[in-house]
K.L.:
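Shown below is the structure under consideration.
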Amino acid sequence: MFTRRLIATAAAAGMALTLAACGGGTGTPGSTDGAGGDGIKIGIKFDQPGLGLREGNEYTGFDVEVAKYVAQELGHAEGDIEWIESPSAQRETLIETDQVDLIFATYSITDSRKERVSFAGPYFIAGQGLLVRADDSSITGQDTLGGKKLCSVTGSTPAQKIKDAYPDVELQEFGTYSECLPALLNGTIDAVTTDDTILAGFAAQEQYAGKLKLAGEPFTTENYGIGLKKGDVELCEKVNAAVTKMVDEGAWEAAIEKTLGAADYTPGPGNPPTPAACS
Ligand code: GLU
């Protein structure tokens, strides 16, 4: 029995290798079991409602919708997508080490990140905001943060912004944003700061109904890009063409309505953006 299972496993592994060798990963639609060469590894967030959320085997959110559309345009059916959790601080490394092919994870395009990875897009523009307890009237915007305790995520642009521009703020950094929520609710921290999209997604969760609110106006510009291997201009151009088609066809708007729209979030000025030239 044991031996037979071993043989079966070895045979399956050999088959997967053969398929991978034939497919070459260039994207003829076909296999839906993820074992063939048509698989694509896509990095998303797993804990950001409205953007990238995993519940069991279900993946939802705007980033997931854009990812599925782009993958389809590149020749990868939905079943060929392997979703990889991509926390903020790990995104560049995941791309550099080929653990993902593309990242759609509220990933702001910045010059320092461009030293390690390339970006297609932007496909969305967000802005940094503040999430506070519903009964807190002391934080009304970025000018009221002196002496406050804020929570954000290691390796994110909002955490960096606080360190650079608000030295009198006490910053608590976690690995993911969902870890900040219990600390906000129990009063250990005064506000969560990150993109307004992410904050709106959390605030709209049933479990937080009436408990949280966004304070003030967005105070940065976050251009969401699709992270890919540095210098892969060919892939970047294909992704940009797919994003442009998604917007032109109305699928971008429909995806917003279904995801962030359901969280009462209205995209700010400049949306949908035009993807920039690849380099
Ligand atoms: N868009 C910001 C960033 O890329 C914040 C959201 C996130 O951490 O994913 O750092």
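Worth knowing before you read on, the calculation uses all heavy atoms, side chains too, and leaves out hydrogens, waters and symmetry mates. Predicted, not measured: the structure shown is a model, and the values here were computed from it. Each residue takes its place number in the sequence, starting with 1. One-based numbering, in listed order, for ligands and for the atoms of each.
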K.L.:
Does S118 offer a backbone N or O that forms a donor-acceptor pair with the side chain of K229 under 3.5 Å?
P.N.:
no

K.L.:
Just let me know how T106 lines up against ligand 1, side chain, backbone, both or neither, with a heavy-atom cut-off below 4.0 Å.
P.N.:
both

K.L.:
Closer than 4.0 Å to some heavy atom of S88 - which atoms of ligand 1 meet that?
P.N.:
7 (C), 8 (O), 9 (O)

K.L.:
Taking only heavy atoms of Y107, which atoms of ligand 1 are found under 4.0 Å from at least one of them?
P.N.:
4 (O)

K.L.:
Judged by non-hydrogen atoms, does V153 sit under 4.0 Å from ligand 1?
P.N.:
no

K.L.:
Could you tell me which atoms of ligand 1, counted from 1 in the order shown, lie closer than 4.0 angstrom to a heavy atom of A105?
P.N.:
9 (O)

K.L.:
What residue and heavy atom of the protein are closest to atom 2 (C) of ligand 1, and at what distance?
P.N.:
T157 OG1, 3.2 Å

K.L.:
Can you list every ring pair (Phe, Tyr, Trp, His ring centres under 6.0 Å) pair that touches residues 167-204, not counting sequence neighbours?
P.N.:
none

K.L.:
Distance under 4.0 Å to a non-hydrogen atom of S156: what atoms of ligand 1 satisfy this?
P.N.:
8 (O), 10 (O)

K.L.:
Just let me know how R91 lines up against ligand 1, side chain, backbone, both or neither, with a heavy-atom cut-off below 4.0 Å.
P.N.:
side chain

K.L.:
Taking C-beta and beyond as the side chain, do L212 and L185 meet within less than 4.5 Å on heavy atoms?
P.N.:
yes

K.L.:
Counting distance only, does the side-chain N/O of R116 pair as donor-acceptor with the main-chain N or O of R113 below 3.5 Å?
P.N.:
no

K.L.:
Atoms of ligand 1 less than 4.0 Å from I198 heavy atoms?
P.N.:
6 (C)

K.L.:
Mind checking whether W252 and F62 have parallel, tilted or perpendicular rings, split at 30° and 60°?
P.N.:
perpendicular

K.L.:
Just jot down the ligand 1 atoms closer than 4.0 angstrom to any heavy atom of R113, in number order.
P.N.:
3 (C), 4 (O), 10 (O)

K.L.:
Show me the donor-acceptor pairs, under 3.5 Å and distance only, between side chains in residues 268-279 and residues at least two apart or in other chains.
P.N.:
| from | atom 1 | to | atom 2 | distance (Å) |
| --- | --- | --- | --- | --- |
| N271 | OD1 | I125 | N | 2.8 |
| N271 | ND2 | I125 | O | 2.9 |
| N271 | ND2 | G268 | O | 3.2 |

K.L.:
Is there a polar contact between ligand 1 and T194, counting only N or O atoms under 3.5 Å apart?
P.N.:
no

K.L.:
List the steps and the verdict of side-chain hydrogen bond (donor to acceptor under 3.5 Å, both in side chains) for K258 and T60.
P.N.:
CA-CA 10 Å; K258 176 172 158 189; T60 56; over 6 Å; no

K.L.:
Numbering the atoms of ligand 1 from 1, which are under 4.0 Å from a heavy atom of K45?
P.N.:
7 (C), 8 (O), 9 (O)

K.L.:
Could you tell me whether E222 and K161 make a salt bridge, using a distance below 4.0 angstrom between a side-chain N and a carboxylate O?
P.N.:
no

K.L.:
Evaluate Q48 for polar contact with ligand 1, using N/O atom pairs at a separation under 3.5 Å.
P.N.:
no

K.L.:
State, with a plain yes or no, whether a side-chain heavy atom of V70 is found less than 4.5 Å away from one of F104.
P.N.:
yes

K.L.:
Considering the heavy atoms of Y224, write down every atom of ligand 1 situated less than 4.0 Å from one of them.
P.N.:
1 (N)

